[in-house]
Amino acid sequence: GNGASVPVLVIGTGYGGAVAALRLAQAGVQVEMIEMGMSWDTPGSDGKIFAKVTSPDKRAYWLRTKTKAPVSNFFGFPIDATIPKYTGILDAEEFAGITVYQGRGVGGGSLVNGGMAVTPKQSRFSSILPSVDAAEMYATYYPRANAGLGVGSIDPAWFETAECYKYARVGRKHAQRSGFAWTFVPDVYDWNYMKAEQAGTVTRSALDGQVMYGNDHGKKSLVQTYLAQALATGRVNVSTLHQVTAVAPRSGGGYTVSIDQLDTSGNVVGTKSVTAGKVFFAAGSVGTSKLLTKLKATGSLPALNNEIGKGWGDNGNVMCGRANHMWDPTGSLQSTIPCSGIDNWDAGGAFAEVAPLPTGIETYASLYLSITNTTRRAEFSWNAAANKVDLSWQTAWKQDSINMAKTIFDKINSKEGTIYRTDLFGAYKVWQDGLTYHPLGGAVLNKATDNYGRLHGYNGLYVIDGALIPGNTTVNPFVTITALAERNIDNILANDI
Ligand code: FDA
C-alpha cells in the first residue's frame, strides 16, 4: 500500500524479475513485485482464460482499439479487427521505426511467447556477452535456467507421425534438400500434453490456435515455474495493474518508488509512493530502458552513466513466407508451438524458426521467423517536448537482416522452384520488416552496469532483464536472459544482501 517500506522491490514479473524474486526469497528476503499487467488466472465468458490467434478479442492486446497481428494480411486482405481497449496480454508497442511485441501480465513475455527454449552454441557465447565467463555459464547457469524453466524436447519418433507437425516436416525436407543444417528446438511446452492434444484425449491449446495471446493448457509459463516457487516461499507479494513511474534516492537511504495504479481500461485510478532498500529493474529491455532513460534525463537518477539507453537491438528478427507446390501441403491442423529451426548462422548469419501458420485451413505456406546477425544498434532518448522516450531504430536497417535470411530462403526457393508469399504482411510485401519479438539491450552489462547488473552511480539499483544483453543472442533469447539473471543474482546475494 501507499507509504509502505519494503527491503526489495522488483519492477516487472518476466524472466529477470522472477529469477530475482525466487532467489532473494529463498535467501530469506521479503520481495515486493510490481507488475503493470493483470494476473491471468480467470476464465472469460467463453470458459477460456486466453484468446486464440485466429479470433483475438479485448484480452489479446494491451490498450489498443485495433488488433496488430504480425501476419497482418491473408491473400492480401487485411485481417486486423476492432477490439475494446483493455489491459490485454500482448503489447504491440510502436516506435518510429519498429513495433516491439511484449507480454503484459504476471509472467511477462512467458505468457505470450512460443516457449522455444534455446541455449546458444557455446562457441558463439563470446559474441553475445563478451565480459561473462562462458565456461561458468555452460557448467552452472544455463543448466540451472533450463531446469528452472522446465525445458523439454519433442519425441523424435512421434514427430515423424504427428499431423500437427506436418508443416515442420515440410520445413525440414526443404532445408535439407538445399544442404542446410536443420535441428529440433527445445521448448517449455509440456510435450506429453502436446501428444495428448494430438490424440484428442485432452482439451487442446497449442492445437487450438493458442499462443501469442496466451495458452490455457500445456505451456509452462513463469507462473507455473519460477513464480510458483517464489510465491510458495511466502516471502513474495505481487501487485498487479501497478506501473512504476519513478525511482529516486531518498534522504536517509534507500529509494522512493512512485507507482500508478491502473484500471482495466488503462486509466490511472491512484498513485502510490513506496520506500525500498533495493530496486531491481526487470521491466524488460524496453520497459527498463524507458524508465532509466527518463529518470536520468529528468533528474531523478542523474548520476546514471552515459551508457543508459544504448546498445539496443532487435535480435535481427525478420519474417517471411514461402508458397509451396500443391504436393507439399503444410496441414490444416498446426501446432502453434514451433519445434525446429534451420541453422545457417556461421555461413549466412541467420537462424530460422520453422513457424506455424495456424489458420485452420490448408494454406500451402511455409512461414519462418529468422534471427539474424545484424550489427545495427539503436538508442533510447528522452523527448522532453513529447514527454516520452524515443528509439532511434530505422526500418531500413532491416535490409541487413533480410539479406541474411535470403541466404537460406533464396536457395530453398531456387532448389524447390518456389516463390515467396507476397500476401501475408501487406499486399505485395515479401518481408515482415517492421517488428521484433526479441527486444534486447538498453542498459548493457559491464557498460551501464558493472559485470553483474549493478547500475553505475547508485548503490542498491540493479538491472536483471533483457536490457543487459547487447542486442543479439544468436537464438531465441529467454534462456539466456534467465541464465544471466541466475548468474548475477548469485553474485548479488553473496556480496550485497
Ligand atoms: P519481460 O518482457 O518478460 O517482462 C517484463 C515485465 O515487466 C512485463 O510483465 C511488463 O508488463 C512489466 N513492466 C514493464 N514496465 C513496467 C513498469 N513500468 N512497471 C511495472 N511493470 C512493468 N523468446 C524465446 O526465447 N523463445 C520464444 O519462443 C519466444 N517467442 C516470443 C513470441 C512473442 C510473441 C514475443 C512477444 C516474445 C517472444 N520471445 C521468445 C521473447 C521473450 O518472451 C522475451 O525475450 C522475454 O520475455 C524477455 O524477458 P525479460 O525478463 O527481459 O522481460
Side-chain angles (χ1 to χ4, degrees), residues 9-20 33-40 53 62 69-70 87 89-93 99-120 145 149 151 185-189 211-214 219 221-223 226-227 238-247 257-262 280-292 294-295 314-315 317 336-339 341 353 355 369 371 435-443 463-469 473 475-482 484-485:
L9 184 143
V10 176
I11 309 171
T13 58
Y15 294 92
V19 170
M33 302 186 86
I34 307 295
E35 170 56 53
M36 67 193 274
M38 311 194 336
S39 182
W40 292 92
V53 171
W62 178 257
T87 47
I89 198 165
L90 184 65
D91 192 353
E93 186 171 1
T99 300
V100 184
Y101 285 83
Q102 299 152 87
R104 295 278 174 250
V106 177
S110 79
L111 296 166
V112 298
N113 66 37
M116 298 179 78
V118 195
T119 298
L149 294 164
V151 177
V185 168
D187 204 281
V188 298
Y189 205 88
V211 61
M212 57 184 266
Y213 309 134
K219 170 94 153 290
S221 76
L222 290 166
V223 177
Y226 276 93
L227 289 171
V238 184
S239 296
T240 56
L241 291 172
H242 280 63
Q243 182 169 17
V244 171
T245 56
V247 177
V257 181
S258 307
I259 303 169
D260 281 349
Q261 191 174 352
L262 309 176
F280 286 78
F281 288 82
S285 160
V286 173
T288 291
S289 301
K290 283 198 307 185
L291 272 174
L292 293 174
K294 176 183 163 191
L295 297 176
D314 67 341
N315 212 25
N317 281 188
T336 57
I337 299 297
C339 70
E353 289 174 28
L369 172 69
I371 293 163
L435 65 75
T436 184
Y437 294 157
H438 300 163
L440 293 165
V463 176
I464 192 152
D465 59 16
L468 291 171
I469 297 173
T473 52
V475 290
N476 316 63
F478 76 62
V479 176
T480 296
I481 294 170
T482 305
L484 184 66

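FYI, the numbering just counts along the sequence from 1. Note that ligands are numbered from 1 as they come in the structure, with each ligand's atoms numbered from 1 the same way. What's counted below: heavy atoms across the whole structure, side chains too, no hydrogens, waters or symmetry copies.
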Counting heavy atoms only, which of V188, L90, V244 comes nearest to atom 19 (N) of ligand 1? V244
As an exercise, identify every atom of ligand 1 less than 4.0 angstrom from a heavy atom of G12. 6 (C), 7 (O), 12 (C)
A282: numbered ligand 1 atoms lying under 4.0 Å from its heavy atoms: 5 (C), 6 (C), 7 (O)
Looking only at protein heavy atoms, what sits closest to atom 29 (C) of ligand 1 is N113 CB, 3.3 Å
Atoms in ligand 1 with a heavy atom of G108 nearer than 4.0 Å: 3 (O), 4 (O), 8 (C), 9 (O)
A student comparing G466, G114, A485 should find that the heavy atom closest to atom 52 (O) of ligand 1 comes from G466
Closest heavy-atom approach to atom 10 (C) of ligand 1 among R104, H242, M38, K290 is made by R104
Who gets closest to atom 15 (N) of ligand 1 by heavy atom: G17, G109, A20, A283? A283
Give me the ring orientation class for F478 and Y15: parallel if the planes are under 30° apart, tilted from 30 to 60°, perpendicular past 60°. parallel
Counting heavy atoms only, name the option from M33, Q102, E353, E35 that's nearest to atom 9 (O) of ligand 1. E35
For ligand 1, which atoms, with element, lie under 4.0 Å from some heavy atom of I481? 45 (O), 48 (C), 49 (O)
Between the candidates Y437, F281, Y101, which shows the shortest non-hydrogen contact distance to atom 37 (C) of ligand 1? Y437
List every atom of ligand 1 that sits less than 4.0 Å from any heavy atom of I11, numbering the atoms from 1 in the order shown and giving each element. 17 (C), 19 (N), 20 (C)
Is G105 near ligand 1, meaning one of its heavy atoms is under 4.0 Å from it? yes
Please state which protein non-hydrogen atom is closest to atom 53 (O) of ligand 1 and give its distance, to 0.1 Å? G284 CA, 3.3 Å
